[in-house]
Amino acid sequence: MADGKIEILADPEALAQRAAEWVVERALATSGRFAFNLSGGSTPKRMYQLLAQVPLRDRMPWDRVHLFWGDERFVPHDHPESNFRMANEAMIAHVSIPPAQVHGVPGEGDPDEAARAYEATLKAFYGADTLDPSRPLFDVTLLGLGEDGHTASLIPGTTALDETRAWVTTVRGARPELRITMTYPVLDSSRAVAFLVAGEAKRAMLARLRQGDRTLPAARVKPVGELLFFADRAAAGPA
Ligand code: 6PG
């Protein structure tokens, strides 16, 4: 069984509410910068919306929150497929986070240069070029789970799975749009990683993930801190 605690919520709305409250609790338990590494995809959208609504909006210490993205589709930030756009419309545009603390992945120009630029952004924020396990880069990293076992854009059969030197890399040919993703060492540099998994379609994969099936890219995420799963009943299976 993989390490990591699971919380099973009745439905997607309860999952979003619980995950949003959990992030606020973690932010309030810290002092100084709160590095919040966002997931893309559709599952986290409702959670982001709740973080931008009373009461959570007014409890979150936005003045010291820094936002990052674990992966991005290499498209402009106003593109329908953009993870930045989803988070911006659901949350960022409605909260008082200083714009300089919103660290989006570049979505235009040369993709390899964009990956290098994002890696430079991460290193500048961290203040070093080497990750120290005793000093994680992120306070919270949110991740989703694909039906093929991917997470972020660490997709089966791609070279990104074997990248341990670069912090950020490009993923070509695995999805219609070119992807940019953080690599395992960077995702692992988190005080807490929380997978958000909803829907019956994810049931088989979530079971394999929790069993630690290392053929799944998602199962290879090993945070230096806590590993948690927030799942709805449909994804977790019958009690
Ligand atoms: C992305 C995400 C990806 C996502 C999973 C789950 O850019 O699409 O980073 O890893 O989290 O594919 O997606 P859903 O939440 O839409 O099921």
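Keep in mind that the numbers below use all heavy atoms, side chains included, and drop hydrogens, waters and symmetry copies. Just so it is clear, the structure is predicted and the values come from calculations on it, not from any experiment.
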Listed pairs under 3.5 Å, donor-acceptor, residues 93-106 side chains, sequence neighbours left out:
unit_1, atom_1, unit_2, atom_2, d
His94, NE2, Glu89, O, 2.7
Gln101, NE2, Asp63, O, 3.2
Gln101, NE2, Val65, O, 2.6
His103, NE2, His66, ND1, 2.9

Name the atoms and distances for all side-chain donor-acceptor pairs under 3.5 Å in residues 231-239, with sequence neighbours left out.
unit_1, atom_1, unit_2, atom_2, d
Asp232, OD1, Gly199, N, 3.0
Asp232, OD1, Ala234, N, 3.4
Asp232, OD1, Ala235, N, 2.9
Asp232, OD2, Gly199, N, 3.2
Arg233, NH1, Gly237, O, 2.6

Show me the donor-acceptor pairs, under 3.5 Å and distance only, between side chains in residues 143-151 and residues at least two apart or in other chains.
unit_1, atom_1, unit_2, atom_2, d
Asp148, OD1, His150, N, 3.0
Asp148, OD1, His150, ND1, 2.6
Asp148, OD2, Arg175, NH2, 2.9
His150, ND1, Arg175, NH2, 3.3
Thr151, OG1, Gly144, O, 2.6

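In this structure, the side chain of Arg73 does not engage the main chain of Glu177 through any donor-acceptor pair within 3.5 Å. Asp188 places no side-chain N or O within 3.5 Å of a backbone atom of Val221 that could act as its donor or acceptor partner. Side-chain atoms of Arg85 come within 3.5 Å of backbone atoms of Asp78 as a donor-acceptor pair (strictly under, hydrogens ignored). In this structure a side-chain-to-backbone donor-acceptor pair under 3.5 Å is missing from Arg26 to Phe34. For the pair Trp167 (side chain) and Lys123 (backbone), a donor-acceptor distance under 3.5 Å is absent. Checked by atom type and distance alone, the side chain of Glu72 pairs as donor or acceptor with a backbone atom of Asn83 at under 3.5 Å.
Taking Ile, Leu, Val, Met, Phe, Trp and Tyr as members and joining any whose side-chain heavy atoms lie under 4.5 Å apart, directly or through other members, the hydrophobic cluster of Val171 also contains Ile155. Residue Val224 is found outside any hydrophobic cluster, as its side-chain heavy atoms come under 4.5 Å of no other Ile, Leu, Val, Met, Phe, Trp or Tyr.
Applying the side-chain hydrogen bond (donor to acceptor under 3.5 Å, both in side chains) definition to pairs two or more places apart or across chains, none involves residues 50-60.
Under the side-chain hydrogen bond (donor to acceptor under 3.5 Å, both in side chains) criterion, Asp213 pairs with Arg208, Thr215, not counting sequence neighbours. Evaluation of the side chain to side chain contact (heavy atoms under 4.5 Å, CB included) rule for Ala120 yields no partner, not counting sequence neighbours. Under the rule for a side chain to side chain contact (heavy atoms under 4.5 Å, CB included), the partners of Ala166 that lie at least two apart in sequence or sit in another chain are Glu119, Glu163. Judged as a side-chain hydrogen bond (donor to acceptor under 3.5 Å, both in side chains), and not counting sequence neighbours, Thr181 has no contacts. The salt bridge (Lys or Arg N to Asp or Glu O under 4.0 Å) search around Asp132 returns none, not counting sequence neighbours. Considering only residues two or more places apart in sequence or on other chains, Arg18 meets the side-chain hydrogen bond (donor to acceptor under 3.5 Å, both in side chains) condition with Glu7.
Contact record, Ala198 with Leu15: CB-CD1, 4.2 Å, taken as the closest heavy-atom pair.
Taking the six-membered ring for Trp and the full ring otherwise, Phe138 and Phe68 have centroids separated by under 6.0 Å.
The only option from Thr141, Asn37, Asp139 that meets the side chain to side chain donor-acceptor pair (under 3.5 Å) definition with Ser190 turns out to be Thr141.
No donor-acceptor contact under 3.5 angstrom links the side chains of Thr158 and Arg172, judged on distance only.
A cation-pi arrangement, defined by a distance under 6.0 Å to the six-membered ring centre and an angle within 45 degrees of its axis, is present between Arg135 and Tyr126.
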